[in-house]
Amino acid sequence: MTTTTDLSGGPGLPQERKLVTAIPGPKSEELMARKLAAVAQGVGSVMPVFAQRAGGGVLQDVDGNSLIDFGSGIAVTSVGNSAEAVVRRASAQLTQFTHTCAMVTPYEGYVEVCEELAKLTPGDHAKKSALFNSGAEAVENAVKIARYHTGRQAIVVFDHGYHGRTNLTMALTSKSMPYKHGFGPFAPEIYRVPVAYPFRWLTGPEHCAEEAAAQAIDQIVKQVGAGNTAAILIEPLLGEGGFIEPAKGFLPRIAEFAREHGIVFIADEIQSGFCRTGQWFASEDEGIVPDLITTAKGMAGGLPLAAVTGRAEIMDAAHAGGLGGTYGGNPVACAAALGAIETMRELDLNAKARRIEEIMKPRLRKLAESHPVIGEVRGRGAMLAIELVEPGTKNPDTKATAALAKACHQEGLLVLTTGTYSNVMRFLPPLVIGEDLLHEGLDILEGALTRL
Ligand SMILES: *Cc1c(COP(=O)(O)O)cnc(C)c1O
């Protein structure tokens, strides 16, 4: 079924997969040659096609191929590309003013985004926010705030954690290649402890939560000292580490330990937040109320905006002028965020994310039964994944994962891989994608798996 309902990307962008050339087509190949000549090779690309338009559940390339989008620009365009309310509000703002610098003369949009964040994030305590440009910048500022508030220096992070690519956030990130390799030295006073990864827990998944929490806490107490620890920083559903859902019970235990010792508990919800998992924030799943929460990716419909939100007394610790940046909370990005939040509410995108899980998870589980290369199906809402292993073992099958992704790309399905062992295929469709496209994408995946 083909719908031409305007889910933006411009009027009448057909919601259909269509291949009119090989992938990549000649125009993309020409542009790729220019990219290779002009752009640093460190800036890679997952697919060798150049984008022309995107909206709803499709991305159209410069050769006229229409791909089904299971990536959302890495969990960013949850409301779709060029969503109506995002375009309307951001365009109106563009005609008013593009920048004054919030630290020079503030504007209402900045305040309104912070008011929304106070309402939407977990907990009914008094909250305040500060806005930044990127996820990494938000994480850096959460660390600054936690250190200032506690007067302590140590930051505890977890195996498989990902927090960004700036110097401090590289240190917080666990995976060497490609994020850290060759880019050291890294920032000091960062300590990494185990996370409850049920699929890979040596004694099996049953006691994973309590054993991992006990190990993590023992390491913090013995190796760092609870009294030296400013913050514990964790993604409630780990993204780049492989869409790992910490075993139930792990997060509440760690949050409780933090509370007992005056340690700031920071949830990095940059990938998992804003309706992605079928809730406003993944922390809600186990009733976690973080002291601070970092957000970015999905919050502004594709424009660069990030935030730290948290307990007013912690957020207010730093002296006036201690937090900021030239572009942080840019007025156009704030307008876009208000448009994205409006869209999330109006279309009930939490329900849409849960519906995506309802459609995709049973089909992925069925695929796992007939394809032993799939070791596990996991995730929540529209943040789902399959972990690929050598059949009959838990050895990561990185090669099969790369081959599967490539086969999907050739058929016009945009998928991304992830994971510490690069053996996880993740599914992050825009939450506004049509159900017919979801099914068609899964058909392509099934065909590619069968041929693998
Ligand atoms: C993407 C991501 C970041 C970094 O965000 P950028 O905007 O790329 O700097 C940090 N934490 C998590 C969990 C992420 O997924």
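Computation of the quantities below employed the complete heavy-atom set of this structure, encompassing side-chain atoms and omitting hydrogens, waters and symmetry-equivalent molecules. Throughout, numbering of the chain's residues begins at 1 and tracks the sequence. Note that ligands are numbered from 1 as they come in the structure, with each ligand's atoms numbered from 1 the same way.
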Atoms in ligand 1 with a heavy atom of Ser134 nearer than 4.0 Å:
7 (O), 9 (O)

For atom 4 (C) of ligand 1, what is the closest protein heavy atom, and at what distance to 0.1 Å?
Ala136 N, 3.7 Å

Quick test of your reading of the structure: of Gln271, Glu140, Lys297, whose heavy atom lies closest to atom 2 (C) of ligand 1?
Lys297

Assert yes or no for the condition that the ring centre distance of Phe243 to Phe427 is strictly below 6.0 Å.
no

With sequence neighbours left out, the residues meeting side-chain hydrogen bond (donor to acceptor under 3.5 Å, both in side chains) with Glu342 are Arg88, Arg89

For atom 6 (P) of ligand 1, what is the nearest protein heavy atom, given as residue, atom name and distance?
Gly135 N, 3.4 Å

Looking at Tyr421, does the NZ or CZ of Arg200 lie under 6.0 angstrom from its six-membered ring centre and within 45 degrees of the ring axis?
yes

So that I can tick it off, tell me whether Arg380 and Glu245 are bridged by a salt bridge, with the cut-off set at under 4.0 angstrom between side-chain N and carboxylate O.
yes

Best match, Ile74, Asn133, Thr173, Asp268: closest heavy atom to atom 11 (N) of ligand 1
Asp268

Salt bridge (Lys or Arg N to Asp or Glu O under 4.0 Å): which pairs involve residues 301-322, sequence neighbours left out?
Lys128-Asp316, Asp291-Arg311

Check whether any protein heavy atom sits under 4.0 Å from atom 8 (O) of ligand 1.
no

Ligand-side contact atoms (ligand 1) for residue partner Glu235, heavy atom cut-off under 4.0 Å:
13 (C)

Please report the closest heavy-atom contact between Met103 and Thr326, naming both atoms and the distance.
CE-N, 4.3 Å

